[in-house]
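Written below as structure tokens is the structure these notes are about.
As a basis for the values below, the full set of heavy atoms in this structure was taken, side chains included, without hydrogen atoms, waters or symmetry mates.
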Amino acid sequence: MASSSSSSCLWILSLLFLSLAGGCVGRPFYPLPSKFVDKNRQPLQQFRPYNIAHRGSNGELPEETVAAYMRAIDEGADFIETDILSSKDGVLICFHDVTLDETTDIAAHKKFANRKRTYEVQGVNVTGWFTVDFTLEELKSLRVKQRYDFRDSQYSGKYSIITFEEFISIALDASRVVGIYPEIKNPVFINQRVKWPHGMKFEDKFVETLQKYGYKGTYLSKDWLNQPVFIQSFAPTSLIYISNQTDLPKIFLIDDVTMPTQDTNQSYWEITSDSYLDFIKDYVVGIGPWKDTIVPVVNNYMATPTDLVSRAHAHNLQVHPYTYRNENKFLHYDFHEDPYAEYDYWLNQVKVDGLFTDFTGSLHQFQEWTTPYVPKGDSASSLLHKIAAMISANKNL
């Protein structure tokens, strides 16, 4: 626990930070990228694990909206993450679910009442309003709402679904270098339902869009550092397919132990075996497992960690687990209702390379306080003196 003086200082800094971050909420639309990107922007940090804004700062604002992404950038995200699906007319959009039911107001649009369908998705019959049955113009008429009823819902109904290109523009027009982390979402289903000209596939359209806006280069290359991106997918076939089109770094997402891969029907145990990690490392730079598969949970207490992280690192693969959420219902008892304790455990004991979080600001503040940036020439002792001076000054407030 922090001392009372340091806690007060941090509390004041938090209030200042939140007051600055609040200004982005009301912006309804973001233009396509500026042609005059500042080449002297603050670079992407590389000295600590990545802060990945899961669907934007969606703990505070409706997911995958302009406001959620702008807030995440204001709060210090290294990468803004999104799920890419398609409209009926082949426009790539940012939306998590294949159906619109859960996080939009489509049920209130009577003209769409007869557009419900039942399709098979990953071997299960799903009924609802599917993104692939609506044009972009129709999708833009909907408004996004907060997914969880225990989160702030005052911004529900204020923002529209955005396109992949609009998402890219948010990162490119940021005042500092901000990476993007788009997912090729449900590629088997999308390729079944949406057709592009000249035999183009979903994955082709996805890569084409990235290349249109200048995304290129291997991990940590000069081009990549200028416009950082990780391409993610649960479908290994898609990741292997696009490897022939781009050398951008890719992350293989791994679901629960009960879920096979959506395209190859491989088990969790197969895709986390040493032989498979040795195979997939030729196509990806890392894996993105659900965190409860890395450290199993029994009765909401964490059990003995698996060796997945150490084995992945032995294969020169990064590990970016998902998803970290502040609410008590998502925190295991071991962390005593303290999200900072969870961050500390995963960053400093498990030693992962990045975290998907719904609360970008919390993770950023934790990292700023525990692993702040030390400019070249500053020693550890001089940094400690600066921190001590800040706390001392606070005593006089």
Side-chain angles (χ1 to χ4, degrees), residues 10 12-25 27 30-57 60-61 66-82 165-182 210 213-231 248-249 285 318 320 343 347 353-357 359-380 382-383 386-387 390:
L10 297 179
I12 292 170
L13 292 173
S14 299
L15 287 177
L16 176 60
F17 170 80
L18 290 172
S19 68
L20 293 173
C24 72
V25 174
R27 193 171 185 172
Y30 207 76
L32 291 178
S34 167
K35 295 180 181 179
F36 305 100
V37 176
D38 181 5
K39 300 298 184 182
N40 298 312
R41 295 181 299 167
Q42 177 185 329
L44 178 74
Q45 69 81 18
Q46 301 169 54
F47 66 95
R48 63 191 182 198
Y50 293 128
N51 181 337
I52 305 161
H54 181 240
R55 308 179 205 167
S57 192
E60 302 173 67
L61 291 153
V66 168
Y69 291 122
M70 295 291 284
R71 176 67 63 86
I73 292 172
D74 284 346
E75 291 181 336
D78 297 316
F79 289 84
I80 51 174
E81 187 266 354
T82 192
E165 292 191 70
E166 289 168 340
F167 168 80
I168 289 171
S169 78
I170 296 170
L172 292 184
D173 281 342
S175 60
R176 58 184 174 85
V177 174
V178 175
I180 62 172
Y181 209 125
L210 290 173
Y213 289 98
Y215 286 93
K216 59 185 177 180
T218 57
Y219 180 61
L220 295 184
S221 67
K222 182 178 179 181
D223 286 330
W224 186 87
L225 287 171
N226 188 47
Q227 293 183 206
V229 57
F230 287 109
I231 298 172
L248 289 168
V285 300
Q318 295 187 41
H320 300 170
Y343 291 143
L347 294 172
D353 308 289
L355 300 176
F356 287 75
T357 177
F359 293 88
T360 311
S362 293
L363 176 54
H364 181 70
Q365 290 180 39
F366 176 79
Q367 290 184 297
E368 284 289 280
W369 297 335
T370 57
T371 52
Y373 172 66
V374 181
K376 291 181 179 180
D378 278 15
S379 65
S382 68
L383 180 62
K386 290 179 181 179
I387 295 173
M390 182 180 69

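- In terms of modelled atom types and a separation under 3.5 Å, the side chain of Ser221 and the main chain of Trp224 share a donor-acceptor contact.
- Looking at Phe230 and Val285, their side chains come closer than 4.5 Å, going by heavy atoms from C-beta outward.
- For Ile80 against Ala171, the heavy-atom pair with the smallest separation is CD1-CB, 4.2 Å.
- With contacts defined as side-chain heavy-atom distances shorter than 4.5 Å, the pair Leu347/Thr370 does not qualify.
- At least one donor-acceptor pair under 3.5 Å links the side chain of Gln227 to the backbone N or O of Tyr213.
- Using cut-offs of 30° and 60° on the angle between ring planes, the pair Phe79 and Tyr181 is perpendicular.
- A donor-acceptor pair under 3.5 Å is absent between the side-chain atoms of Arg71 and the main chain of Glu60, judged by distance alone.
- A donor-acceptor pair is defined here as one N or O able to donate and one able to accept, closer than 3.5 Å; no such pair exists between the side chain of Asn51 and the backbone of Asp78.
- Atom CG of Leu363 and atom CD of Glu368 lie 10.5 Å apart (nearest 0.5 Å).
- Residues Pro249 and Val229 approach most closely at CG-O, 3.2 Å, considering heavy atoms.
- The two residues Phe356 and Glu81 have their closest heavy-atom pair at CE2-CG, 3.6 Å.
- Every residue meeting the side-chain hydrogen bond (donor to acceptor under 3.5 Å, both in side chains) condition with Thr82, not counting sequence neighbours, appears here in chain and number order: Glu64, Tyr69.
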*Chi angles and distances behind the side chain to side chain contact (heavy atoms under 4.5 Å, CB included) call for Leu225, Val177*: CA-CA 8 Å; Leu225 287 171; Val177 174; over 6 Å; no
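- Within the 4.5 Å cutoff, no side-chain heavy atoms of Gln45 are placed close to those of Tyr373.
- No donor-acceptor pair closer than 3.5 Å links the side chain of Arg41 to the backbone N or O of Asp173.
- To the nearest 0.5 Å, the span separating OG1 on Thr357 from CZ on Arg55 amounts to 12.0 Å.
- Taken from NZ in Lys216 to CG in Asn226, the straight-line distance is 9.5 Å, to the nearest 0.5 Å.
- Using the six-membered ring where Trp is involved, Phe366 and Tyr343 have ring planes that are tilted, between 30° and 60° apart.
- Side-chain atoms of Ile170 and Val178, non-hydrogen and from C-beta on, never get closer than 4.5 Å to each other.
- Nearest heavy-atom pair across Pro49 and Gly354 is CB-N, 3.9 Å.
- Expressed to the nearest 0.5 Å, how far OG1 of Thr360 lies from CG of Asp74 amounts to 10.5 Å.
- Between the side chains of Tyr50 and Gln318, not a single donor N or O lies within less than 3.5 Å of an accepting N or O.
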*Go through the steps to decide whether Val66 and Glu166 satisfy the test side chain to side chain contact (heavy atoms under 4.5 Å, CB included), and finish with yes or no.*
CA-CA 8 Å; Val66 168; Glu166 289 168 340; 5.9 Å; no
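- Counting heavy atoms from C-beta on, the side chains of Arg176 and Ile73 come closer than 4.5 Å.
- Taking CD1 of Ile52 as the reference point, atom CG of Leu355 lies at 7.0 Å (rounded to 0.5 Å).
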